[in-house]
Amino acid sequence: MALVNEHFLKLPNNYLFADIAKKVNAFRVSHPRDKVISLGIGDVTRPLCPAVIEAMHKAVDEMATTASFRGYGPEHGYDFLREAIIKNDFLPRGIHLDPNEIFINDGAKSDTGNIQELVRWDNSIGVTDPIYPVYIDSNVMIGRAGVLKDGKWSNVTYMPCNAENNFVPQLPEKRVDIIYLCYPNNPTGTVITREELKKWVNYAIKNDTLIFYDAAYEAYIQDPDIPHSIYEIKGARKVAIEFHSYSKTAGFTGVRCGYTIVPKELMATTLDGQKVPLNPMWNRRQCTKFNGTSYISQRAAEAIYTPEGKKQVKETIKYYMDNATLMRQTLIKLGFEVFGGENAPYIWLKTPDGMPSWKFFDRMLYEAHVVCTPGVGFGPSGEGYARLTAFGEHEQCMEAMERLKNWL
Ligand SMILES: *Cc1c(COP(=O)(O)O)cnc(C)c1O
């Protein structure tokens with residue numbers, strides 16, 4: 001008899017974006033003449049930039065002849081890309097990495113979900129709340145999160161981020177073994193200052209805590225004082241694994257490529273107190289379960305670091321950030337309490353008069369024909385908030401703002 005992993009059954013059936021799609025569809029069916037604009041999507045809309053397209057074409061052509069054909073590549077990625085990453089993403093910030101500390105992946109979702117395999121099932125975890133659902137759900141699947149009660153998992157420490165604490169999470173009162181941080185943040189669009197990030201690194205050093213740091217939106221940072229990588233903080237190499245993605249940086253949501261950094265100094269402890277380095281363990285894990293990101297995707301990623309690639313990617317990010325600025329300004333003028341949108345493609349707004357997230361979602365859909373993402377879908381502290389994304393087309397974004405003006 002094959003016994004099922006019952007931890008999977010603890011996951012609530014409802015998937016946030018499926019629930020939204022259902023509601024939007026119901027509206028479309030009952031209001032066939034009203035056009036809906038979605039500011040709810042977490043996917044990019046701009047095409048890949050010319051430098052990337054050119055590199056992909058070239059890589060495809062290489063696949064066409066025996067001499068230049070590529071089969072299985074190294075599980076941890078090609079050196080041409082690892083070196084481009086070191087030279088462009090880290091050296092300019094004074095961070096020195098060894099190529100063997102970089103693991104090219106097929107996007108950050110896989111690795112942020114899989115990384116928890118490196119630690120025992122009975123570690124305690126802490127997350128900022130609201131949060132990208134992958135962190136918690138991947139821990140639920142392995143039995144580490146406990147049971148769901150009143151919207152919270154029993155073995156998860158939630159660190160609320162809300163208007164009251166200006167989205168600065170407090171260090172947990174009870175020590176935790178593993179902490180997930182994501183900055184710039186999805187869903188709130190807020191960032192962490194160098195001083196605040198130092199507190200987390202120092203906490204981790206003092207408490208033997210492991211930090212999983214998701215930097216998927218690092219390319220959207222505009223303020224020169226905001227850290228792009230946790231390794232900008234002294235001591236972070238001893239405590240943190242960092243995740244990067246080309247999805248939001250360069251429109252790779254359909255291409256699939258990113259990377260994970262596991263520093264050589266990073267250790268976890270065995271039950272009998274021995275320190276074990278995680279870098280060789282992650283390498284072993286990847287060699288066993290992953291056969292590398294496609295050569296074409298890795299050549300595409302490499303092209304982002306060429307002078308043309310850098311310029312073109314910057315233009316796309318500016319396009320989205322112009323949307324974010326327009327949205328911020330409009331919503332503030334309309335009297336909303338608005339967060340994020342300055343160093344991230346997300347706007348997080350407080351619903352008026354403490355209206356529940358889903359009620360706000362329904363009203364905005366039925367009265368303004370604009371779709372948002374209900375904040376409560378990202379965790380209990382998201383109740384009373386909604387997320388709007390800047391990933392739409394500019395004209396649609398402008399039209400959506402006009403509708404909100406007329407709505408209120
Ligand atoms: C989009 C996103 C990712 C990246 O996902 P990919 O698998 O690289 O497409 C990672 N973390 C967060 C918080 C995200 O929003």
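Since we're looking at a predicted model, the values are computed, not measured. We count ligands from 1, going down the list as the structure has it; atoms in each ligand are counted the same way.
For atom 1 (C) of ligand 1, the closest non-hydrogen atom of the protein is K248 NZ, 1.3 Å. Among protein heavy atoms, atom 15 (O) of ligand 1 sits closest to Y217 OH, 2.5 Å. Of the protein's non-hydrogen atoms, the one nearest atom 7 (O) of ligand 1 is R256 NH2, 2.6 Å. Atom 12 (C) of ligand 1 has D214 OD2, 3.4 Å as its closest protein atom, hydrogens excluded (heavy atom only). Scanning all protein heavy atoms for the shortest distance to atom 5 (O) of ligand 1 gives K109 N, 3.8 Å.
Applying the 6.0 Å contact sphere to CZ of R284 captures no more than 12 heavy atoms from other residues, nucleotides or ligands. Within a 6.0 Å sphere centred on CD of E54, other residues, nucleotides and ligands contribute 12 heavy atoms or fewer. More than 12 non-hydrogen atoms from other residues, nucleotides or ligands lie less than 6.0 angstrom from NZ of K264. Residue-environment remark: CH2 (W121) stays at or below the threshold of 12 foreign heavy atoms within 6.0 Å.
Heavy atoms of F243 stay at 4.0 angstrom or farther from ligand 1. Within the structure, ligand 1 has C182 among the residues with a heavy atom less than 4.0 angstrom away.
Checked by distance only, ligand 1 and N186 come closer than 3.5 Å through their nitrogen or oxygen atoms.
The distance between the ring centers of F243 and Y213 does not fall below 6.0 angstrom.
The ligand atoms of ligand 1 that sit less than 4.0 angstrom from a heavy atom of A108 are 4 (C), 6 (P), 7 (O), 8 (O), 10 (C). Remark: ligand 1 atoms within the under-4.0 Å shell around heavy atoms of S247 are 6 (P), 8 (O), 9 (O). In the vicinity of S245, heavy-atom distances shorter than 4.0 Å reach the ligand 1 atoms 4 (C), 6 (P), 8 (O). Within ligand 1, the atoms closer than 4.0 Å to a non-hydrogen atom of A216 are 3 (C), 10 (C), 11 (N), numbered from 1 in the order shown.
A side-chain N or O of N105 and one of D111 form a donor-acceptor pair less than 3.5 Å apart.
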Begin from the C-alpha positions of R82 and D79 and carry the test side-chain contact (heavy atoms from CB on, under 4.5 Å) through to its verdict. CA-CA 5 Å; R82 291 164 125 193; D79 279 340; 3.4 Å; yes
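Look at K289 and E117 and you find a salt bridge, because one of the NZ, NE, NH1 or NH2 atoms lies within 4.0 Å of a carboxylate O, short of that distance.
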